[in-house]
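Shown next, in structure tokens, is the structure this report addresses.
Note that this is a predicted model, so its numbers are computed, not measured. Every chain is numbered from 1 and lettered A, B, ... according to where its sequence line falls, protein lines coming before strand lines. Every heavy atom of this structure was used, including side-chain atoms; hydrogens, water molecules and symmetry mates were not.
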Amino acid sequence: MSQSSPAPGVPAEKPSFDFIRQIVADDLASGKHPCVITRFPPEPNGYLHIGHAKSIYLNFSLPLEFPGEAAGSGCHLRMDDTNPAKEEVEYVDSIKEDVRWLGFEYGSHFYNASDYFEFFHECAVHLIRAGKAYVDFQTSDEMRANRGTLTEPGRPSRWRDALPEENLVEFAKMRAGEYPDGHCVLRAKIDLGSANLNLRDPALYRIVHAEHHSTGRAWCIYPMYDYAHPLEDAKEGVTHSLCTLEFEAHRPLYDWVIENCPVPAKPRQIEFAKLQLTFTLLSKRNLRRLVEDGVVTGWDDPRMPTLAALRRRGLPPAAIREFCRQIGLTKFNARTEIGLLDKCVRDELNKSVPRYFGVLRPLKVTIANWPAGQVEMIEAANNPERPELGTRQVPMSGELWIEQDDFMEDPPKEFFRLGPGREVRLRYAYNITCTEVVKDADGCVRELVCTYDPESRHGGKKVKGIIHWVSAAHAQAVPVRLYDRLWTVEEPGGDVEKELNPRSLEVLSDSQVEPAVAAMEPGERCQFERLGYFIADAHDSRSGSPVFNRIVGLKDSWAKVAAKK
RNA sequence: UGCCCCGUGGUGUAAGGGUAGCACAAGUGAUUUUGGUUCAUUUAGUCUAGGUUCGAAUCCUGGCGGGGUAGCCA
């Protein structure tokens, strides 16, 4: 290996692969495998989240990256349904939907671990005959006590040296349902003194009298993950079985099963670091709690990190794929900044969606010198950077809504927008100058009176401030939900009460939008100019009366300036 | 406490004994009828102590730090 290093100064020709792609490329080059087959093996006991997207992206993309001789490559979607107590069909359906939504195809390669129950059983019999597995009648407490500790070896069960014939009989009884849950277990006979606790005679099968979502009552013994997973992989011809770091210590057991069972292929397990994000909690247990405690409205609440929630929030799948590409792949336990996801979402939306006017928090503007009753149609580009997206007509009149944030009664000089006596441009239309501030009895600004410059339609005074607006008479009021991060700390997981963001959701009921926005169909996305990207919520919108979710805000450099003051 | 894995700018990730690079973030400037986009530019890094070598982020040893691991969960 070292003698093949390039000569000094000669740049490497190879693209920069991560360590897994390197292994795959080497296996293909050496002829170890003619193609690469991976698998994404979720347990159908919950919803998929952005962390799973990393794994889905890896497993489904990788086989596509090795063309030519690698024909036959692909990724299988497989439900790891070996525990009937926790799994439900509802989750199977949502997992399939999420994978397809992300843009990946598994074609006919959809499998269930339960498809192989008979095979697992044959392998177990094989192990028993070979004297490599035995039925243990110790209670789970006894087993734990006799497993030893990190520094002391385990002690053998009195059933450890039972004869294969006896074990065969007992295992048959297990399968026949003659014993209740927890009465005994089939164990591999490996090494009670191993420093790796996973090798101290791990359980292979346990008794569970429960309805399985796909095999019903056909079985009452179910294989453990460590036993079933390598066999599933081998059965499907998986070449590279990619999983997360916590399975590293299980690899010797994975290899033991492959070595000791009559398998048709020899897959290799490789571990990588799972995704962790700042200001985000990803563990299924914690997400479930948020749902059950009513902190969020459900698994698809747009503040959740589940794929169902991100879909509803409006994130485009292409942005998630790009994010997964950018975060890289290592064995280092890293935490990626959530801002990178936002960046990917903005990049994707910036180039793909139209840009319209919407006023989130309206402030009335009356244009004193506007001809009474006149309505002028203003042509506006749907996306100035993509002329092929066309233009639209925006109605303009003497009564407008502008953003409350675009006016300050006593503005600093860095504030480019409207203030008493100041002039700004209404985007695509005219310059206006604020001549009067109308307040209510409490001193709150209720309305601005302005004059417009009729000569400024395509020129006029050059001003620094440009603001969005809608004509009051033509605007439609719509509900808008402004989502923010659920957590206030980079590494949530401590005191929920203290760490939860009380302002993760703000609902606006009186936002005013231009006709093009009012006409958006459920699921349609756009940019509200100067504000951010929004989607007409697919669940709550109806044709003609959309309800908007903010997907992500635009970068706001004024907010940074303002924050410094 | 044993064993295993991992330590590169603020964050994420390259460099497989030979110039420490890229992206994000942050700063500055230019362009701009979105304080957006785009473009230019700046700041900033090999955990530590030894060893091998002409030469170490890379190989070896120790230390320090982080993670995993004692389910009849996956």
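- Distances shorter than 4.0 Å separate some side-chain N or O of A:Lys555 from OP1 or OP2 on B:U37.
- Rounded to the nearest Å, the gap between the C1' atom of B:G9 and that of B:C24 is 12 Å.
- By the rule that a glycosidic angle within 90° of 0 means syn, B:G71 counts as syn.
- Distances shorter than 4.0 Å separate none of the side-chain N or O atoms of A:Lys331 from OP1 or OP2 on B:C4.
- Position along RNA chain B of the nearest nucleotide to A:Thr330 versus A:Ala429 favours A:Thr330 as the more 5'-ward residue.
- Cation-pi check for A:Arg321 over A:Tyr57 is not met; the charged atom does not lie both under 6.0 angstrom from the ring centroid and within 45 degrees of its normal.
- Taking the six-membered ring for Trp and thresholds of 30 and 60 degrees, A:Tyr111 and A:His76 have ring planes inclined between 30 and 60 degrees apart.
- Nucleotide B:U32 holds its C1' atom 13 Å from the CZ atom of A:Arg425, rounded to whole Å.
- Stem regions for RNA chain B, each three or more consecutive Watson-Crick or G-U pairs with both distances under 3.5 Å and listed by first number, read B:2-7 with B:64-69, B:10-13 with B:21-24, B:26-30 with B:38-42, B:47-51 with B:59-63.
- Salt-bridge annotation for A:Glu490 and A:Arg335: absent, with no side-chain N of the basic residue lying under 4.0 Å from a carboxylate O of the acidic one.
- Summarising the local packing, CD of A:Glu491 is surrounded by 12 or fewer heavy atoms from other residues, nucleotides or ligands at distances under 6.0 Å.
- In this structure, A:Glu385 atom CD and B:C39 atom C1' are separated by 13 Å, rounded to whole Å.
- Residue-level contact check: A:Leu329 touches the backbone only, with heavy atoms under 4.0 Å from sugar-phosphate atoms and none from bases.
- Atom-to-atom, CG of A:Leu349 to C1' of B:U37 comes out at 13 Å; the value is rounded to the nearest Å.
- When heavy atoms are screened at a 4.0 angstrom cut-off, A:Lys351 is found touching no nucleic acid atom at all.
- A:Arg392 and A:Asn382 form a side-chain donor-acceptor contact under 3.5 Å, judged by distance and modelled atom types alone.
- The separation between A:Ile270 atom CD1 and B:C4 atom P is 21 Å, rounded to whole Å.
- Here, B:G35 and B:U28 have their C1' atoms 16 Å apart, quoted to the whole Å.
- Ring pair A:Tyr254/A:His229 is tilted by interplanar angle, where 30° to 60° counts as tilted.
- With sequence neighbours excluded, the residues that form a side chain to side chain donor-acceptor pair (under 3.5 Å) with A:Glu65 are A:Arg21.
- At whole-Å resolution of the value, CG in A:Leu340 and P in B:C24 are 9 Å apart.
- For the C1' atoms, the distance linking B:U8 with B:A56 amounts to 14 Å, nearest Å.
- Side-chain contact annotation: A:Glu170 with A:Tyr179, donor-acceptor N/O pair under 3.5 Å present.
- Counting non-hydrogen atoms under 4.0 angstrom, A:Arg335 reaches the backbone sugars and phosphates but no base.
- For a distance-only test at 3.5 Å, the side chain of A:Gln22 qualifies as a donor-acceptor partner of the base of B:G16.
- Only the C1' atoms considered, B:A74 is 48 Å distant from B:G55, to the nearest whole Å.
- Nucleotides B:C59 and B:C5 place their P atoms 13 Å apart, quoted to the nearest Å.
- Atom pair A:Gln269:CD and B:C4:P shows a separation of 17 Å (rounding to whole Å applied).
- In terms of the side chain to side chain donor-acceptor pair (under 3.5 Å) criterion, A:Asn198 has no residue partners (sequence neighbours excluded).
- Taking atom CZ of A:Phe323 as the reference point, atom P of B:U13 lies 11 Å away to the nearest angstrom.
- In this structure, A:Glu152 reaches neither bases nor backbone, as no heavy-atom distance under 4.0 Å exists between it and the strands shown.
- The residue A:Phe415 sits close to a base: some heavy atom pair falls under 4.0 Å.
- For the pair A:Arg530 and B:G35, the criterion of a side-chain N or O lying under 4.0 Å from OP1 or OP2 is met.
- Around NZ of A:Lys189, the count of heavy atoms belonging to other residues, nucleotides or ligands within 6.0 Å exceeds 12.
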**Item:** Nucleotide-resolved protein contact map, nucleotides 64-74 of chain B, B/S/- at heavy-atom distance under 4.0 Å
**Value:** ---SS-BSBSB
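- A:His468 is linked by a side chain to side chain donor-acceptor pair (under 3.5 Å) to A:Glu403, A:Arg530, counting only residues two or more places apart in sequence or in another chain.
- Taking atom P in both B:C54 and B:U42, one finds a spacing of 38 Å when rounded to whole Å.
- No engagement by A:Arg251 is indicated, since no non-hydrogen atom pair under 4.0 Å with the nucleic acid exists.
- Among residues two or more places apart in sequence or in another chain, the side chain to side chain donor-acceptor pair (under 3.5 Å) test is passed with A:Glu87 by none.
- Here the nucleotide nearest the side chain of A:Trp558, chosen from B:G10, B:G35, B:G36, is B:G35.
- Only the C1' atoms considered, B:G12 is 14 Å distant from B:G7, to the nearest whole Å.
- Residue A:Thr336 has no polar side-chain atom (N or O) positioned under 4.0 Å from OP1 or OP2 of B:G12.
- Here the P atom of nucleotide B:C6 and the CD1 atom of A:Ile20 are 13 Å apart, to the nearest Å.
- Going from the P atom of B:G45 to that of B:U11 covers 12 Å, rounded to whole Å.
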